[in-house]
Amino acid sequence: MLSALLWLLVFIGGSMALAYQRVPLFLASAAYLLLLVAYTLAGTGPYWLMLLFWLVFLGLAIPINIPTIRRHYISRPLLDIFREIMPEMSETEAAALEAGTVWWDGELFSGRPNWQRLLNTPAPAISAEEQAFLDNEVEELCGMLDEWKITHEWCDLPPEAWDYLKKKGFFAMIIPKRYGGREFSALANSEVLTKITTRSPTCSSIVAVPNSLGPAELLLHYGTEEQKNHYLPRLASGVDVPCFALTGPTAGSDAAAIPDTGVVCKGMWEGKEVIGMRLNWNKRYITLAPVATVLGLAFRLLDPDHLIGQVDDYGITCALIPPHLPGVSIGRRHFPLNLPFQNGPTQGKDVFVPLDFIIGGTKMAGHGWRMLMECLGAGRAISLPSNTTGGARLGVYTTGAYARVRKQFRLPIARFDGIDEVLGRMGGTLYAMEAVRTMTAGAIDQGEAPAVCAAISKCHVTEMSRHVANDAMDVHGGKGIQLGPRNYLGRGYQSVPIAITVEGANILTRNLMIYGQGAIRCHPFVLKEMRAAANDDHAAALDEFDKALFGHIGLAISNAASSLVLALTNANFTRVPVTGPTERYYQQINRFSASFVLASDAAMLTLGGALKKKEKLSARLGDMLSYMYIASAVLKRYEDQNRPAEDLPLVEWACRDALYRLQEQMHVFLRNFPNKPVAAVLRFLIFPRGRMYSAPSDELGHEVAELISTPGPSRARLTRNTYTSDKSSPVGMFAEALELAVRLEPVERRIREAEKAGHLKASQGAAQVQAAEEAKVISAQEARELLRLEELTAEIVAVDDFDSSELGTHPFKTTASA
Ligand SMILES: Cc1cc2nc3c(=O)[nH]c(=O)nc-3n(C[C@H](O)[C@H](O)[C@H](O)COP(=O)(O)OP(=O)(O)OC[C@H]3O[C@@H](n4cnc5c(N)ncnc54)[C@H](O)[C@@H]3O)c2cc1C
C-alpha cells in the first residue's frame with residue numbers, strides 16, 4: 001500500500017513538474033507513458049490502480065494527441081458551446097478591442113512575465129532640446145501664471161500667457177517639425193504638463209487638450225495631405241485653436257451613442273452646388289470650445305438618398321468644422337469646479353459643409369469610432385496621468401516641507417505618528433504614480449500604443465492623485481482650506497474629479513475597460529479563440545480554434561500548477577533576472593501573475609458572456625492586473641535610475657502597497673465568486689497557506705516620511721520639475737525653510753532642554769530666540785537663522801482674508817461691509 005502511495009505521489013509530483021515547466025502536450029504524454037511503463041514493470045501493484053492509471057492515460061492521451069480525433073470529438077463541440085457563450089459584441093466594442101498594441105500587459109497576462117522584455121526597454125528619457133524647453137519656455141510660462149488671479153479674478157489665462165502658449169509651440173508638442181510643430185516625445189509632452197500643473201492646473205488643462213486626442217492627432221494619422229498641409233501649420237503656430245466635440249447631453253460614457261447627425265445632401269458652398277453634409281449637433285463639456293477656431297466634430301453620417309454609396313448609415317464620422325459658419329453656436333462657457341479653463345457647449349443647426357471636411361475625406365466616412373479608439377490608446381496615458389502627477393508632486397513637495405516647519409505642541413507636526421503615516425503614504429504613492437506615468441509614456445516613445453496600459457495609467461494614476469490630494473489637505477489643515485493667493489493646494493484639490501471623469505470616467509474604465517479589454521486583448525489565447533469562432537470558413541475556424549483551445553488548456557494547467565507551487569514556496573525559488581533587495585517583488589509578481597490568469601480563466605469559463613455584466617468581479621480582476629502593472633513600473637523605474645540605494649524605501653513601499661492590494665482584491669474576488677466549488681478549488685490553488693502578504697510596515701512608512709520631509713537626493717528626485725522660482729509665494733520659500741528647519745532642529749532641542757533645566761524662561765518666537773542668545777544657549781549665527789526660519793514659517797503658514805466685496809461678483813451689502 002505504501003509503495004502505491006509513493007507511486008501516486010510520483011505521478012502527482014511529475015504532473016506538477018511537467019505543468020510548471022510548461023512541457024508541450026506531446027512530450028508530457030511521452031513522459032507519462034514512460035512513468036506508467038516504469039510503474040507497471042516495478043509490479044508494486046495494486047493491479048486495479050495500475051489498470052486505472054492506464055485507462056485514464058489512454059483515455060486522455062489518445063484523443064488529445066491524434067489531431068483528427070481531437071478536432072472532431074473535443075474541439076468541434078467546444079467550439080459550438082463557445083459560440084453560444086461568447087458575449088455579444090457591438091461594432092464599437094470590436095473597434096475598441098482591435099485598437100492599439102499589447103505590451104507589458106500581455107506579459108502579465110501570460111502567467112510568467114518575461115522580465116527581460118521590460119528591463120530591455122530603454123529607460124524613458126527626454127532629449128536635450130526637450131530639457132531646454134522645460135528649463136526655459138516652461139519656466140518662463142510658469143512665471144506668467146498666477147493661479148489665484150486666473151481662477152478667481154480673471155476666470156481665464158492672461159492674454160500674454162495665451163500668446164506665449166501659441167507662439168512658443170505649447171499647442172504643437174505632437175505636431176511634426178515639418179509642419180512647424182515641436183515634435184516632442186510622449187515623455188517630454190508629459191514632463192511639460194506635470195511641471196505646468198505644479199504652478200497652474202488651469203493652464204495645464206488648456207495645454208493638454210491640443211496635444212491629446214483632437215484635430216491634430218486625428219489629422220496626423222488619418223488626414224488627407226491637403227488637410228494636413230492646411231491645418232497642421234496653422235495649429236502649430238497657434239493661428240488655429242482646436243477642440244474636439246464628442247460628448248453630448250445623452251451620450252457621455254456611452255459616447256458611441258451620439259445622436260448628432262450629418263445627412264449627405266446637395267448644397268451651396270462658395271457659390272457652387274456640391275455634395276456635402278447637413279450637420280446638427282448638441283455637444284457639451286468641450287474643452288477649448290469657447291475659444292476654438294477649428295471644431296473637431298463626431299457625428300453619425302447618414303446617406304438616405306445614397307448620394308455617395310449604397311449605405312444608409314455610415315456610423316460615427318469625424319470632421320473639422322469652422323465655427324464661424326451659419327448655424328454654429330459656440331462661445332458660452334461651463335465653469336468646471338472653479339478651474340476656469342475654456343470649456344463649454346456647442347450646438348449646430350443645419351450647418352452645411354462639403355464632404356471633404358471629413359477627416360481623411362469620404363473614404364473615412366464611418367471610421368470615426370475606430371479612429372478615436374486608436375488615438376485614445378496613447379493619449380489617455382499622457383494628459384491626465386501627467387496633470388495629476390504634477391498635482392501630487394506639488395502636494396508632496398509642499399506637504400513634506402510644511403510638516404517640518406509647522407509646529408504644534410512645540411513640535412514639527414511631522415514628528416507625530418499620525419502625520420508620519422500620512423507622509424509615508426504620500427511619498428510611496430507619488431513614486432508609484434511617477435513610475436507608471438514615465439514607463440507608459442516611455443512605451444509610447446518606443447512605438448507602442450498600449451491601450452490597456454493607458455487605461456490602467458489613466459484610471460489608477462488619477463485615483464492615486466485623489467488620495468495624495470486628500471492627504472496633503474489633511475496635513476495642511478486650515479491652511480489648505482482657506483482659498484486665496486497663498487493657498488497652493490486648494491485649486492488642485494478641486495480639480496481632482498475632473499481628472500477622474502474625463503477621457504473615460506474611472507468607474508467605467510475600471511469596471512469595463514481595463515479587464516474587459518485586457519482579458520481579450522492581452523490573454524495569449526482568448527482573442528484567437530474569439531476570432532476563430534467568428535470565422536465563417538468552418539474548416540479554418542475549427543483548425544484555429546483547436547490550436548488556441550489546446551494552447552489555452554495547457555496554459556491553464558500550467559498556471560494552476562505554478563500558482564500552487566509558488567504560493568506554497570512563497571515564490572522563493574522562481575527565477576527572476578534581478579538579485580538584491582527588489583528580487584522578492586519580481587518573484588511575487590510571478591506568483592500573482594500565475595494566480596491572476598488562473599482566476600481570470602476560471603471566471604471566463606464559468607461565467608462566459610455574463611462576466612461582462614458582473615462588473616464588480618471584472619473590476620477586481622482589472623485591479624489585479626493594474627497592481628501588477630504598477631509594481632512592475634516601480635521596479636523598472638528603480639532600475640532605470642540605476643538603483644539609487646536611498647530610494648529603496650520608496651520602491652519597497654510602492655511595491656508592497658500594490659501587491660498587498662492585489663492580494664486583498666483576489667481574496668474579495670474569491671469570496672464573491674458565484675460558483676462556490678470552483679471558488680474553493682481556486683482558493684486552494686491560490687492561497688494554500690492563506691493570505692501571507694503584508695502591507696507596508698509602519699517602519700517602512702516612517703522611512704519614506706523621512707525621505708520626503710528632509711532635503712536630499714530622494715526628495716529632489718521625486719519632486720524635481722516642481723515650479724519653485726516664485727520666491728514671493730510659499731512654494732518658493734519651502735526649499736530654504738525646510739533646509740533651515742532640519743538643520744536647526746538640534747538648536748531648538750538645546751533651547752527646550754535649557755528651558756526644562758530652568759536656564760531659560762519658557763517663551764516663544766523671537767523673544768525665545770533673543771533670550772536663548774543672551775543666555776548663550778545658542779550662537780549669534782544660530783539666532784539669526786532661527787529668526788529667518790520664524791519669518792519664513794510665518795509667511796508659509798499665513799492665509800488670506802478678504803473684504804466681502806472682493807469675494808462675490810455681486811455681493812449683498814451686509815451690515816459688516818456696508
Ligand atoms: C471638464 C471636462 C472636460 C471635458 N472635455 C471634453 C472634450 O473636450 N470633448 C469631449 O467630447 N468631451 C469632454 N468631456 C466629457 C467627458 O469625457 C465625459 O464627461 C465623460 O466621458 C463622462 O460622461 P458623463 O459626464 O456624461 O458621465 P456619465 O456617462 O453620465 O457617467 C456617470 C457615471 O456612470 C459611470 N458609468 C457609465 N457607464 C458605466 C458602466 N457601463 N459601468 C460602470 N459605470 C458606468 C461613469 O463612470 C460615471 O461615474 C469633458 C468633461 C468634463 C467634465
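Every number for a ligand or one of its atoms is a count from 1 in the order of the listing.
Each of the atoms 1 (C) of ligand 1 lies under 4.0 Å from some heavy atom of Ile498. The atoms of ligand 1 that sit less than 4.0 Å from any heavy atom of Glu503 are 17 (O). Under a 4.0 Å criterion applied to the non-hydrogen atoms of Thr501, ligand 1 contributes the atoms 19 (O), 20 (C). Counting the atoms of ligand 1 from 1 in the order shown, those under 4.0 Å from a heavy atom of Phe244 are 7 (C), 8 (O), 9 (N), 10 (C), 11 (O). Counting the atoms of ligand 1 from 1 in the order shown, those under 4.0 Å from a heavy atom of Ile286 are 7 (C), 8 (O), 9 (N), 10 (C), 11 (O). Atoms of ligand 1 lying under 4.0 Å from any heavy atom of Leu246, numbered from 1 in the order shown and given with element: 10 (C), 11 (O). Residue-ligand proximity, Ile507 to ligand 1, at heavy-atom distances under 4.0 Å covers atoms 44 (N), 47 (O), 49 (O). Under a 4.0 Å criterion applied to the non-hydrogen atoms of Val502, ligand 1 contributes the atoms 2 (C), 3 (C), 4 (C), 50 (C), 51 (C), 52 (C), 53 (C).
The pair Glu434-Arg393 meets the salt-bridge criterion, with a side-chain N (NZ, NE, NH1 or NH2) lying under 4.0 Å from an Asp/Glu carboxylate O. Under the 4.0 Å criterion applied to side-chain N and carboxylate O atoms, Asp260 and Arg300 are not assigned as salt-bridge partners. Ion pairing between Arg661 and Glu664 fails under the 4.0 Å rule for side-chain N and carboxylate O. A salt bridge does not link Lys195 to Glu191: none of the charged nitrogens lies less than 4.0 Å from a carboxylate oxygen.
By the 30° and 60° cut-offs, the orientation of the rings of Tyr164 relative to Phe170 is tilted.
Neither the backbone nor the side chain of Val209 comes within 4.0 Å of ligand 1, counting heavy atoms alone. For Phe335, no heavy-atom contact with ligand 1 is shorter than 4.0 Å.
Distance check on atom 52 (C) of ligand 1: some protein heavy atom falls below the 4.0 Å cut-off. Using a 4.0 Å threshold on non-hydrogen atoms, atom 20 (C) of ligand 1 counts as touching the protein. Under the 4.0 Å distance rule, the nearest protein heavy atom to atom 7 (C) of ligand 1 falls inside the cut-off.
In the model, Ser190 has a side-chain atom that pairs as donor or acceptor with a side-chain atom of Arg437 under 3.5 Å.
Polar contact check, Thr287 against ligand 1: a nitrogen or oxygen pair lies under 3.5 Å apart. Inclusion of Pro336 in the set of residues having an N or O under 3.5 Å from an N or O of ligand 1 is not warranted. Polar contact with ligand 1: absent for Asn511 (N/O pair, distance under 3.5 Å). Taking distance alone, with nitrogen or oxygen atoms compared against 3.5 Å, Ser253 approaches ligand 1 more closely than that limit.
When the shell of 6.0 Å around NZ of Lys228 is examined, it contains more than 12 heavy atoms from other residues, nucleotides or ligands. Atom NZ of Lys363 is surrounded by more than 12 heavy atoms from other residues, nucleotides or ligands within 6.0 Å.
Closest to atom 38 (N) of ligand 1 among all protein heavy atoms lies Leu508 CD1, 3.6 Å. Ranking the protein heavy atoms by distance from atom 48 (C) of ligand 1 puts Ala505 CB, 3.9 Å first. In terms of protein heavy-atom proximity, atom 42 (N) of ligand 1 is closest to Glu615 OE2, 2.9 Å. Nearest protein heavy-atom contact of atom 41 (N) of ligand 1 is Leu512 CD1, 3.4 Å. Residue, atom and distance of the protein heavy atom nearest to atom 15 (C) of ligand 1 are Thr247 OG1, 3.1 Å. Closest to atom 26 (O) of ligand 1 among all protein heavy atoms lies Gly252 CA, 3.3 Å. Protein heavy atom at the shortest distance from atom 25 (O) of ligand 1 is Tyr285 CE1, 3.6 Å.
Between atom NZ of residue Lys166 and atom CG of residue Asp240 there is a gap of 9.5 Å, rounded to the nearest 0.5 Å. Taking NZ of Lys458 as the start and CD1 of Ile514 as the end, the distance is 9.5 Å to the nearest 0.5 Å.
The aromatic ring centroids of His367 and Tyr222 lie 6.0 Å or more from each other. Residues Phe109 and Phe596 place their aromatic rings such that the two centres sit under 6.0 Å apart.
Nearest heavy atom pair, residue Cys243 against residue Thr287, reads CB-O, 3.2 Å.
A donor-acceptor contact shorter than 3.5 Å is absent between the side chain of Arg278 and the backbone of Asp350.
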